[in-house]
Structure formats: C-alpha cells, structure tokens
Amino acid sequence: MATRHWLVKQEPTAYSWGDLVRDGRTTWDGVRNHQARNNLQAMQQGDRVLFYHSVKDPAVVGICEVVRTAYPDPTAGDPGWVAVDLKPVRALARPVTLAAIKAEPALRDIPLVRQSRLSVMPLEKAAFDRIVKQGT
DNA sequence: GCCAACGTTGGC
DNA sequence: GCCAACGTTGGC
C-alpha cells in the first residue's frame with residue numbers, strides 16, 4: 001500500500017506543534033468544511049502529514065503520522081463530520097515558511113498556495129519530500 | 001488593521 | 001434557483 005501525504009493547518013495559538021509533541025497524540029477534530037472532511041476520510045493508517053502553523057509565522061514545522069483513520073467527530077452533533085488521530089514523528093530542523101514555499105516554483109501549485117482557506121489537503125509525494133528537504 | 005477568498009444564510 | 005449580505009479564514 002502506497003503511503004500517502006497530507007498537510008494539516010492549525011493556528012499555533014489554538015493547538016501548536018509543541019502541544020502535539022507534549023501530548024504524544026491528538027484527535028484532529030473540529031473540521032467543518034466538506035472538502036477538508038473528505039480529505040480526512042481518505043487518510044490511511046501510517047500516512048505522513050505535514051503540520052503547518054497558520055496566521056502567526058506561517059510555516060510547516062513538523063511531520064506527523066495517522067494513527068487512527070476517520071471516525072465520527074466527538075465534537076460534532078452531526079455524525080457526518082469526522083476526526084482522525086495523529087502522532088508526531090519529528091520536527092523539521094528548520095520551519096519551512098509559506099514565503100519559502102511560494103518562492104519555490106515546484107511548490108507553486110500546491111493547495112496551500114492555491115486554496116489558502118483549506119485546512120486539510122493532500123500533497124503529492126514530490127511536494128511533500130521537497131518541503132521536508134527544505135526543512136532539513 | 002485591512003483585504004481577498006470563500007462558505008453560509010436568507011429574501012425574493 | 002439566484003444573488004446580495006454577512007461571517008470566517010488567513011495572508012500581509
């Protein structure tokens with residue numbers, strides 16, 4: 001099974017990479033956008049997920065992994081919304097800023113740039129690897 | 001603080 | 001079903 005690649009966004013003031021490392025694992029809930037929900041639903045066990053801080057110093061800061069696939073979001077009244085569980089794998093040595101991503105021609109078409117409001121998005125392996133490499 | 005993008009709501 | 005108004009997200 002091919003491991004697939006994703007990116008999730010969070011405002012660090014709400015839940016940061018540091019919080020995820022401290023917790024060791026978290027429930028990725030509260031998603032209330034259909035496109036983002038569909039992406040959560042498509043995640044498979046072991047998929048790699050980039051963790052992106054939005055708003056304040058926007059940047060990709062770490063890599064995490066799907067440890068539980070989609071199940072009904074406990075924070076939603078409507079069972080149509082889903083959550084997944086994520087655990088941290090490792091921090092990037094250097095955060096890869098949104099500005100750096102936008103400056104990279106090979107990354108100009110990723111959803112992070114194209115669809116700034118989407119909070120859960122797929123990444124092609126090449127784009128994922130390139131961001132990770134920039135963070136090395 | 002401002003603005004653009006986009007989703008939702010509600011009047012017709 | 002259309003569209004204007006409004007709210008939210010997120011970059012700058």
Side-chain angles (χ1 to χ4, degrees):
Chain A
M1 175 185 73
T3 301
R4 292 183 302 173
H5 303 82
W6 310 91
L7 181 148
V8 295
K9 277 190 199 179
Q10 187 55 271
E11 293 194 37
T13 52
Y15 193 82
S16 70
W17 171 257
D19 292 332
L20 177 59
V21 170
R22 180 201 62 212
D23 294 346
R25 171 179 180 140
T26 198
T27 299
W28 206 262
D29 57 21
V31 170
R32 298 292 183 273
N33 168 281
H34 292 272
Q35 202 177 346
R37 189 271 317 273
N38 292 346
N39 290 331
L40 281 182
Q41 237 154 7
M43 288 184 181
Q44 294 172 12
Q45 188 92 18
D47 282 1
R48 291 293 161 119
V49 183
L50 292 179
F51 192 106
Y52 174 83
H53 281 168
S54 63
V55 182
K56 187 183 186 307
D57 303 325
V60 176
V61 293
I63 304 170
C64 39
E65 181 183 324
V66 177
V67 289
R68 183 179 175 190
T69 55
Y71 56 97
D73 183 342
T75 70
D78 180 340
W81 299 114
V82 300
V84 299
D85 288 358
L86 300 177
K87 74 166 188 190
V89 174
R90 65 180 173 87
L92 295 183
R94 301 183 297 139
V96 179
T97 64
L98 181 61
I101 288 169
K102 285 183 167 174
E104 171 60 59
L107 299 175
R108 204 165 278 160
D109 289 332
I110 67 172
L112 185 69
V113 177
R114 284 299 179 93
Q115 253 181 295
S116 65
R117 291 185 59 198
L118 186 60
S119 63
V120 182
M121 66 192 74
L123 282 181
E124 289 178 13
K125 182 175 190 307
F128 182 98
D129 289 345
R130 188 169 285 270
I131 292 169
V132 170
K133 191 178 173 190
Q134 279 195 19
T136 303

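FYI, side chains are in, hydrogens and waters are out, and symmetry mates aren't considered; it's all heavy atoms of this structure. Naming convention: chains lettered A, B, ... in sequence-line order (proteins, then strands); numbering from 1 in each chain.
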The ring pair (Phe, Tyr, Trp, His ring centres under 6.0 Å) partners of A:Trp81 (sequence neighbours excluded) come to A:His34

Expected string for nucleotides 2-12 of chain C under the B/S/- scheme (protein heavy atoms, under 4.0 Å, primed atoms plus P, OP1, OP2 as sugar-phosphate) is -----BBBSSS

Residue set satisfying ring pair (Phe, Tyr, Trp, His ring centres under 6.0 Å) with A:Tyr52, at least two apart, ordered chain then number -> none

CD1 (A:Ile101) and CD1 (A:Ile131) are apart, to the nearest 0.5 Å, by 4.5 Å

Interatomic distance, CD@A:Gln134 vs CZ@A:Arg94, rounded to 0.5 Å, equals 7.5 Å

dist A:Tyr15:OH -> A:Phe51:CZ (nearest 0.5 Å) comes out at 7.0 Å

